[in-house]
Amino acid sequence: MSPPAATSPTFSVAAPVTKLPSKATTANDYAVKGAQASIADMEGNWDSFRFAPIRESQVSRAMTRRYFEDLDAHAESDIVIVGAGSCGLSTAYVLANRRPDLRITIIEAGVAPGGGAWLGGQLFSAMVMRKPADAFLREVGVPYEEDDTGNFVVVKHAALFTSTLLSKVLAMPNVKLFNATCVEDLITRPSNGQDVRIAGVVTNWTLVTMHHDDQSCMDPNTINAPVIISTTGHDGPMGAFSVKRLVSMQRIEKLGGMRGLDMNTAEDAIVKNTREIVPGLIVGGMELSEVDGANRMGPTFGAMVLSGVKAAEEALRVFETRKKENAV
Ligand code: 48N
């Protein structure tokens with residue numbers, strides 16, 4: 001006999017109202033679908049203030065129902081972006097705007113997306129972007145100051161850039177961010193004989209991924225997609241994940257290894273060389289410096305956003321090719 005399904009009392013919900021009684025201050029005043037109290041209704045009325053009623057299971061169901069609906073839908077994605085740093089988020093912003101018809105999935109190992117873009121450099125707040133990356137800031141709507149040289153702009157706090165970009169990306173209906181989730185392998189398909197092309201990602205909760213060595217096997221989950229964009233950076237516990245995995249699966253021979261800091265050389269190279277490294281896998285941002293042996297640029301972020309713009313362009317080219325080949 002199946003266990004009794006937990007049933008929560010169903011609250012009777014009155015017809016949606018557009019306007020609350022003039023001074024809505026009791027819980028019942030709010031607990032009508034569509035009712036919208038204002039802050040002014042509450043100010044000065046704290047003695048009688050109460051939240052609308054709830055049952056804990058309703059919170060659980062509100063979260064889990066949506067999460068697993070998303071997981072089910074995104075099991076087949078059009079494009080997966082690995083890493084929600086400045087490059088990955090810029091890629092997602094461009095892709096989702098240019099192709100609202102595509103199902104875009106972002107996998108971010110950290111609880112907090114944003115990667116290294118919450119601070120400018122050495123924990124200083126301001127973020128520098130060399131022109132013409134200011135064009136991206138204007139498109140996203142991030143305020144900045146022009147430097148007197150005319151060669152670069154400064155966002156007063158890196159978190160202003162990252163939070164603005166993140167809010168725009170998360171608000172897009174065709175984008176889903178799975179954070180605290182790690183890509184711990186790549187899905188492959190045979191391609192041209194002994195080669196393989198990338199056809200999806202293998203994921204696990206990041207906390208599980210971090211403990212494969214000290215726990216028994218904990219199998220992963222999977223997401224199929226014809227195009228993967230890897231922007232896992234060069235830093236942190238999982239930096240350059242995908243290109244390191246290509247070496248360990250002997251799909252590429254070795255990594256070039258990131259070179260010393262040279263802003264002028266580094267930023268042009270990262271943007272120009274953002275590309276499909278192996279069929280189905282595009283690499284951008286600082287992960288690219290590891291595979292190409294490119295210089296690092298240090299605390300300037302223009303290459304990250306414009307590498308994202310180029311990665312999005314490359315991804316759409318690859319996506320259309322795969323669609324023609326019907327290669328999934
Ligand atoms: O910010 P990062 O590290 O990477 P990018 O390429 O978006 O931006 C790089 C930039 O922050 C710099 O390093 C600057 C310009 N400095 C350069 C220099 O010379 O020092 O973001 C990568 C994201 C992080 O949030 C990671 O948590 C995440 O990728 N990540 C992963 N997410 C899921 N699965 C993985 N396997 C994984 N590995 C990393």
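Order of appearance sets the numbers: ligands from 1, and atoms from 1 within every ligand. Because the structure is a prediction, the values reported are computed rather than measured. Below, each value reflects all heavy atoms present in this structure, side chains not excepted, and no hydrogens, waters or symmetry copies.
Close approach to Phe241 involves these atoms of ligand 1, each under 4.0 Å from a residue heavy atom: 36 (N). Interface of Gly115 with ligand 1, defined as ligand atoms under 4.0 Å from a residue heavy atom, comprises 1 (O), 21 (O), 24 (C), 25 (O). Close contacts of ligand 1 with Thr231, meaning ligand atoms under 4.0 Å from a residue heavy atom, involve 22 (C), 23 (C), 29 (O). Ligand 1 places these atoms under 4.0 Å from at least one heavy atom of His234: 13 (O), 17 (C), 18 (C), 20 (O).
Applying the 6.0 Å contact sphere to NZ of Lys272 captures no more than 12 heavy atoms from other residues, nucleotides or ligands. Under a cut-off of 6.0 angstrom, the local environment of CD in Gln122 is sparse, with at most 12 non-hydrogen atoms contributed by other residues, nucleotides or ligands. Annotation for Met210: atom CE does not count as buried by contact number, only 12 or fewer foreign heavy atoms lying within 6.0 Å.
Heavy-atom distances between Asp235 and ligand 1 stay at or above 4.0 Å for every pair.
Under 4.0 angstrom from ligand 1, the non-hydrogen atoms of Met297 come from both its backbone and its side chain. At a heavy-atom distance under 4.0 Å, only backbone atoms of Thr300 (N, CA, C or O) approach ligand 1. Residue contacts with ligand 1, taken as heavy atom pairs separated by less than 4.0 Å, involve Thr232 via backbone and side-chain atoms alike. The backbone and the side chain of Met286 each have at least one atom closer than 4.0 Å to an atom of ligand 1 (non-hydrogen atoms only).
Contact detail for Arg245 and Ser248: the closest heavy-atom pair is NH1-OG, 2.8 Å.
In this model, a donor atom of one side chain and an acceptor atom of the other lie less than 3.5 Å apart for Glu267 and Thr300.
Among protein heavy atoms, the minimum distance from atom 4 (O) of ligand 1 is reached at Gly233 CA, 3.3 Å.
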